[in-house]
Trainee: 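My questions all concern the structure below.
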Amino acid sequence: AKTSMGNGGLGSTPLTGYSDDFEGGASESKSTSVPKAKRPQPPLETGGRVLVRETMPGRVHFIGEVHYAKGEWCGVELDEPLGKNNGTIKGVSYFSCEHQHGIMVRPAECTAVDA
């Protein structure tokens with residue numbers, strides 16, 4: 001386990017953007033604050049198994065742009081009825097699944113897992 005060096009733990013603001021230097025110095029005081037997007041992970045694939053927000057297992061059915069927001073999104077069919085839709089959002093069908101099993105999230109909210 002690494003320990004804080006430098007400021008004696010007085011700083012309460014998490015450091016971000018310091019993913020290149022974990023081997024010492026004051027910039028190490030909050031090594032857990034590295035953004036999740038910087039962690040290497042397997043690519044997301046349609047049909048692949050994922051954990052959404054680290055707690056909800058499911059299967060990716062859609063990866064791409066949506067009509068209601070900018071950027072890339074992932075449509076996931078959750079194993080449990082913890083979702084918000086059935087794959088249809090604001091009248092547009094992106095995929096099909098049981099009611100409340102579908103959720104559309106940013107790729108950064110998904111972690112690929114083995115089947």
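As the structure is a prediction and not an experimental result, all values here were calculated from the model. The residues of the chain are indexed from 1 along the displayed sequence.
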Trainee: Could you tell me whether a side-chain N or O of H101 sits under 3.5 Å from a main-chain N or O of E77, the two making a donor and an acceptor?
Mentor: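 Checked: no pair found.
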
Trainee: Between C97 and G87, what is the shortest heavy-atom contact and its length?
Mentor: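 Closest approach of C97 to G87, heavy atoms only: SG-N, 4.1 Å.
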
Trainee: Under a single-linkage definition using a 4.5 Å side-chain heavy-atom cutoff for Ile, Leu, Val, Met, Phe, Trp and Tyr, are W73 and V76 assigned to the same hydrophobic cluster?
Mentor: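 They do not share one cluster, since no chain of ILVMFWY contacts under 4.5 Å joins W73 to V76.
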
Trainee: Go through the steps for Q100 and N86 under the test side chain to side chain contact (heavy atoms under 4.5 Å, CB included), then give the verdict.
Mentor: CA-CA 6 Å; Q100 292 188 327; N86 65 354; over 6 Å; no

Trainee: Can you give me the closest heavy-atom contact between A112 and P43, atom names plus distance?
Mentor: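 Looking at all heavy atoms of both residues, the shortest contact is CB-O, 4.2 Å.
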
Trainee: Taking a hydrophobic cluster as the set of Ile, Leu, Val, Met, Phe, Trp and Tyr residues connected by side-chain heavy atoms closer than 4.5 Å, whether directly or through intermediates, do I103 and I89 fall within one such cluster?
Mentor: no

Trainee: Do L78 and I63 belong to the same hydrophobic cluster, where Ile, Leu, Val, Met, Phe, Trp and Tyr are linked whenever their side-chain heavy atoms lie under 4.5 Å apart, directly or via other members?
Mentor: yes

Trainee: Treating Ile, Leu, Val, Met, Phe, Trp and Tyr as nodes and any side-chain heavy-atom pair under 4.5 angstrom as an edge, say whether V105 and Y68 lie in one connected cluster.
Mentor: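 Not linked; separate clusters.
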
Trainee: Can the ring centroids of F62 and Y94 be said to lie less than 6.0 angstrom from one another?
Mentor: yes

Trainee: Step through the shown structure and confirm whether more than 12 heavy atoms of other residues, nucleotides or ligands are within 6.0 Å of NE2 on H99.
Mentor: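 Result for NE2/H99: open.
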
Trainee: For the atom pair CE (M56) and SG (C110), what is the distance rounded to the nearest 0.5 Å?
Mentor: 9.0 Å

Trainee: Check R106 against E72 and note the closest heavy-atom contact, atom names and distance.
Mentor: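 Answer, listing the atom of R106 first, then E72: NH1-O, 3.5 Å.
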
Trainee: Looking only at atom types and distance, does a side-chain atom of R59 sit under 3.5 Å from a main-chain N or O of G48, one as donor and one as acceptor?
Mentor: no

Trainee: With rounding to the nearest 0.5 Å, note down the distance linking CZ in R49 to CG in L44.
Mentor: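 Atom-to-atom, R49:CZ and L44:CG are 13.0 Å apart.
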
